Amino acid sequence: MWNQPGAVDARDRIGRGPWQNAKGVVIARNVDELHSAANNLTKETALDEKGSLVNGRTDKPNKHDMLTGSRPDGTAFPVRRIPT
């Protein structure tokens, strides 16, 4: 469940890197690089598991959105309590 009290941030669960795409191209060498503008995530490198390009917002159909429940730096959003 997302944003559970005591949950571990995504960046702490994914390992230390490096990360490569399906064709062996390095996407990031470490967690800080992965969650920064210095990563190598582009339309040409953010491939699916078969090494194919993923349709983006200018393509039909659009298949690029990924919902992770994390902020761009890989940490969880603060827990919001909803009154009942």
Side-chain angles (χ1 to χ4, degrees):
M1 179 181 240
W2 292 346
N3 298 335
Q4 277 185 334
V8 177
D9 291 330
R11 68 180 290 131
D12 297 330
R13 294 191 313 259
I14 60 174
R16 296 178 5 199
W19 291 275
Q20 299 175 334
N21 68 12
K23 293 187 176 179
V25 175
V26 174
I27 299 301
R29 295 174 297 204
N30 56 56
V31 174
D32 289 330
E33 185 174 276
L34 181 65
H35 291 100
S36 76
N39 68 46
N40 187 26
L41 284 170
T42 66
K43 181 167 177 69
E44 292 76 28
T45 63
L47 307 175
D48 68 13
E49 66 277 7
K50 296 178 182 175
S52 300
L53 291 174
V54 177
N55 285 0
R57 62 181 175 224
T58 60
D59 303 312
K60 300 286 184 209
N62 177 352
K63 297 181 179 179
H64 84 288
D65 290 329
M66 295 173 206
L67 302 175
T68 65
S70 298
R71 295 186 285 192
D73 68 352
T75 58
F77 287 96
V79 174
R80 273 186 33 185
R81 302 267 184 228
I82 300 171
T84 56

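All values below were derived from every heavy atom in this structure, side-chain atoms included, with hydrogens, water molecules and symmetry-related copies excluded. It should be emphasised that the depicted structure is a prediction, and the values quoted were computed from it without experimental measurement.
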**OP:** Give a yes or no on whether the backbone of Pro61 and the side-chain of Asn55 come within a donor-acceptor separation of less than 3.5 Å.
**Re:** yes

Original post:
Can you tell me how far CG of Asn40 sits from CD of Gln20, rounded to the nearest 0.5 angstrom?
Top reply: 11.0 Å

**OP:** Kindly say whether Leu47 contributes a backbone atom to a donor-acceptor pair with the side chain of Asn21 at under 3.5 angstrom?
**Re:** no

Original post:
Taking all non-hydrogen atoms of both residues, which atom of Asn30 and which atom of Glu33 are closest, and how far apart?
Top reply: OD1-N, 2.8 Å

Original post:
Nearest heavy-atom pair of Gly15 and Val31: which atoms, and what distance?
Top reply: O-CG2, 3.2 Å

**OP:** Could you tell me which non-hydrogen atom of Glu49 sits nearest to which non-hydrogen atom of Ala22, and how far apart they are?
**Re:** O-CB, 3.9 Å

Subject >> Sequence-distant partners of Asp32, salt bridge (charged side-chain N to carboxylate O under 4.0 Å, His left out), two or more places apart >> reply: Arg11

Subject >> For the student: nearest non-hydrogen atoms of Val54 and Lys43, plus distance >> reply: O-NZ, 3.3 Å

Original post:
Is there a side-chain contact between Ile27 and Thr45, using heavy atoms and a 4.5 Å cut-off?
Top reply: yes

Original post:
Any chain of hydrophobic side-chain contacts (each under 4.5 Å) joining Leu41 to Ile14?
Top reply: yes

